[in-house]
Amino acid sequence: MNTLEAYIAHHAQKQPDKLAVICGTERCTYADLQARIETRMVCPSMLQECCSSGTIVPLRAESTIDFLVTYFALHRLGLVAAPLERDMPEEAFQRVTAELTAHTCPEGTADVLYTTGTTGRSKGVMVSHKVILADAENLIAGQGFTPDTIFVVNGPLNHIGSLSKVYPVMLLGATLIIVDGLKDLNAFFNAFELESLRSEVKGLKSFATFLVPASVRILLQLASDRLAALADRLDFIETGAAAMAQSDMEALCRLLPDTRLYNTYASTETGIICTHDFHSGPCTPGCLGRPMPHSGVHITEAGLIACTGDTLMTGYVGEPERTAQVLRDGVLYTADLGTIDADGRLHLQGREDDVINVGGFKVAPTEVEDAAMSHPSVADCLCISVDHKITGRALKLLVVLTEGATLDKRALARYLSTRLEPYKVPMLYEQVGHIRRTFNGKPDRKSYAVGHTK
């Protein structure tokens, strides 16, 4: 079987009554899912799109079963699915559609996935069916997905963070629960209520989920007791997409003493590369573990992470020159700074583009932010570079305080000086109401590149 859809058809035949996807009150068995895919394949609107193999079909990535049905049906028809942000303004959606439909993709392409564009213009990444299966098998081997896994997806299905969790679930014939983000915490926690699934699952500790660090922080701040109550049913949690503060990692370990907690290195371009259980292994920020079976990783002379293996993108759609800048001879060269320790574990040190040069010293803002997040009064923060009349450039820390706390700039600077080298301690501090982030939880550093010069 060389596509995810072939596995779905197999499960529909072998275990037709097994629950495949749950969304709200809607339930869909594997037999139901297969039937809906086949029905969608022959609907007039789908047939109109079926110009030729490799044609790109944009669609809004709704957090629904119907979206997945359309996504799988496009693949079955030999078309390329391009899931776009569901709330994208119509004008922008039509513009991207016009751009994509002007191109076709190589044979074997499954998706065009857009990067978040936090460090530059968003790029359309071509992902093959081979990559999807390699990503699925990497996650199965690295994190222990099983046919009994019940995976709760709560993020956008147009990006690899959440969409990639569909892959191992469908390959194994497990169960997927779709939750529409964390806006409704009750809906998120209700997804883990076993009573509604008791007849379908064999074991209590079958649940798993993916949470970006920003979502982890929300749960720790607003619902730590409810999160702790899931300890007897949460098999594992994966996090990724952005740096996670050590204080949050340690808090998760305390709340969920028997749950595996993974930090993963992945991107739209590289696929799923490394993963690390920071509960049973070193609880160290930036530690991303060893490469999984279909992947390899090494560090270039410039200190950047380079990836190899079956999970790499085919290229950027319609941009061969841009593709050649990062993908050469089967090696994907990233802009991520990293090291590999004596045990073969990858450690991320931030993005090359994010490094701040202050007086000749290079500072990774994530290191400053991690130190600040360990302060009991800091709920969130972001380290940026600003103009300074004397030094030219200076570090500035934007701080979101915990409820009832007040910003004592000198006290915070003294605290940081006990954890950081002197040149890494910010000179300026500002209290803000929130830190701007992309929808997948990454700090929106690009939006802070200008302004904020107080």
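Since the structure is predicted, the reported quantities are computational estimates derived from the model, not experimental observations. By convention here, the first residue in the shown sequence is residue 1. Basis for what follows: all heavy atoms, side chains included, without hydrogens, waters or symmetry-related copies.
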Does the side chain of M41 come within less than 4.5 Å of F72's, by heavy atoms?
-> no
How far apart are the closest heavy atoms of R27 and D32, and which atoms are they?
-> O-OD2, 4.5 Å
Minimal non-hydrogen separation, P106 against T109, with atom names = O-OG1, 2.7 Å
Which heavy atom of C274 sits nearest a heavy atom of T264, and at what distance?
-> O-CG2, 3.2 Å
Using 4.0 Å as the upper bound for N to carboxylate O, is an ion pair formed by D277 and R260?
-> no
Roughly how far, to the nearest 0.5 Å, is the CG atom of L346 from the SG atom of C307?
-> 7.5 Å
Check the surroundings of atom CD in E421: do more than 12 heavy atoms from other residues, nucleotides or ligands lie under 6.0 Å from it?
-> yes
State, yes or no, whether a side-chain contact exists between D235 and T146 at a heavy-atom distance under 4.5 Å.
-> no
K165 (side chain) donor-acceptor with V153 (main chain) under 3.5 angstrom | no
Compare every heavy atom of P285 with every heavy atom of D370, then report the nearest pair and how far apart it is.
-> OD2-CG, 3.6 Å
Just by modelled atom types, is the Y114 backbone N or O under 3.5 Å from a matching donor or acceptor in the H159 side chain?
-> yes
Donor-acceptor contact below 3.5 Å, side chain K396 vs main chain S385 | no
State, yes or no, whether a side-chain contact exists between V166 and Y71 at a heavy-atom distance under 4.5 Å.
-> no
Output yes when R36 and E26 qualify as a salt bridge under the 4.0 Å nitrogen-oxygen rule, no when they do not.
-> yes
Would H294 and D135 count as having a side-chain donor-acceptor pair, cut-off 3.5 Å?
-> no
Compare all side-chain heavy atoms of L252 with those of M244 and state whether any distance is below 4.5 angstrom.
-> yes
Heavy atoms only: give me the nearest L397-C381 pair and the separation to one decimal.
-> CD1-CB, 4.1 Å
Check for a donor-acceptor pair, side chain of Q246 on one end and backbone N or O of C283 on the other, with a separation under 3.5 Å.
-> yes
Under 4.0 Å between a Lys/Arg side-chain N and an Asp/Glu carboxylate O for D66 and R40?
-> yes
Checking side-chain contact (heavy atoms from CB on, under 4.5 Å) for the pair L337/L304: CA distance, chi angles, key distance, verdict?
-> CA-CA 4 Å; L337 294 164; L304 299 173; 3.5 Å; yes
For the residue pair T311 and T270, what are the closest heavy atoms and their distance?
-> OG1-O, 2.7 Å
Hey, is the main chain of G309 close enough, under 3.5 Å, to the side chain of S295 for a donor-acceptor pair?
-> no
How many angstroms lie between OG1 in T149 and CG in L139, if you round to the nearest 0.5 Å?
-> 11.0 Å
Euclidean distance, H10 NE2 relative to Q13 CD, rounded to 0.5 Å | 7.5 Å
CG of L398 to SG of C383: how many Å apart, nearest 0.5 Å?
-> 8.5 Å
With no hydrogens and no angle check, is any side-chain donor or acceptor of K205 less than 3.5 Å from a backbone partner on A231?
-> yes
Distance-only, no hydrogens or angles: does the R233 side chain make a donor-acceptor pair with backbone N or O of F192 under 3.5 Å?
-> yes
Give a yes or no on whether the backbone of L211 and the side-chain of T239 come within a donor-acceptor separation of less than 3.5 Å.
-> yes
Taking the side chain as C-beta and beyond, is there a heavy-atom pair between D310 and K130 under 4.5 Å?
-> yes
Do Y30 side-chain atoms and A174 backbone N/O form a donor-acceptor pair below 3.5 Å?
-> yes
Salt bridge (charged side-chain N to carboxylate O under 4.0 Å, His left out), paired with D380, selected from R217, R437, R436 | R437
Look at the side chain of T275 and the backbone N and O of G142, then say whether any donor-acceptor pair between them is shorter than 3.5 Å.
-> no
Between K424 and E367, is there a side-chain N and carboxylate O pair less than 4.0 Å apart?
-> yes
Just how far is it from atom CG of L100 to atom CG of L84, taken to the nearest 0.5 Å?
-> 6.5 Å
State yes or no: are the ring centers of F151 and F210 separated by less than 6.0 Å?
-> no
Heavy-atom check, side chain of C253 versus side chain of F278, under 4.5 Å = yes
Just checking, is any N or O donor in the side chain of E38 or Q34 under 3.5 Å from an acceptor N or O on the other one?
-> yes
Does the side-chain contact (heavy atoms from CB on, under 4.5 Å) test come out yes or no for E269 and T115, once each step is laid out?
-> CA-CA 8 Å; E269 290 96 330; T115 61; 3.6 Å; yes
Rounded to the nearest 0.5 angstrom, the CG-CD1 distance for L113 and I160 is 7.0 Å
Counting heavy atoms not belonging to E107, are there more than 12 under 6.0 Å from its CD?
-> no
Validation row: T97, F93 side chains within 4.5 angstrom (heavy atoms) = yes
Out of T339, D341, T284, which residue meets the side-chain hydrogen bond (donor to acceptor under 3.5 Å, both in side chains) rule with H347?
-> D341
Under the side-chain contact (heavy atoms from CB on, under 4.5 Å) criterion, do M126 and V80 qualify, and how do the steps go?
-> CA-CA 9 Å; M126 292 183 287; V80 178; over 6 Å; no
Taking C-beta and beyond as the side chain, do L4 and L171 meet within less than 4.5 Å on heavy atoms?
-> yes
Mind running side-chain contact (heavy atoms from CB on, under 4.5 Å) on L261 and M249 for me, showing each step along the way?
-> CA-CA 9 Å; L261 302 170; M249 294 167 65; over 6 Å; no
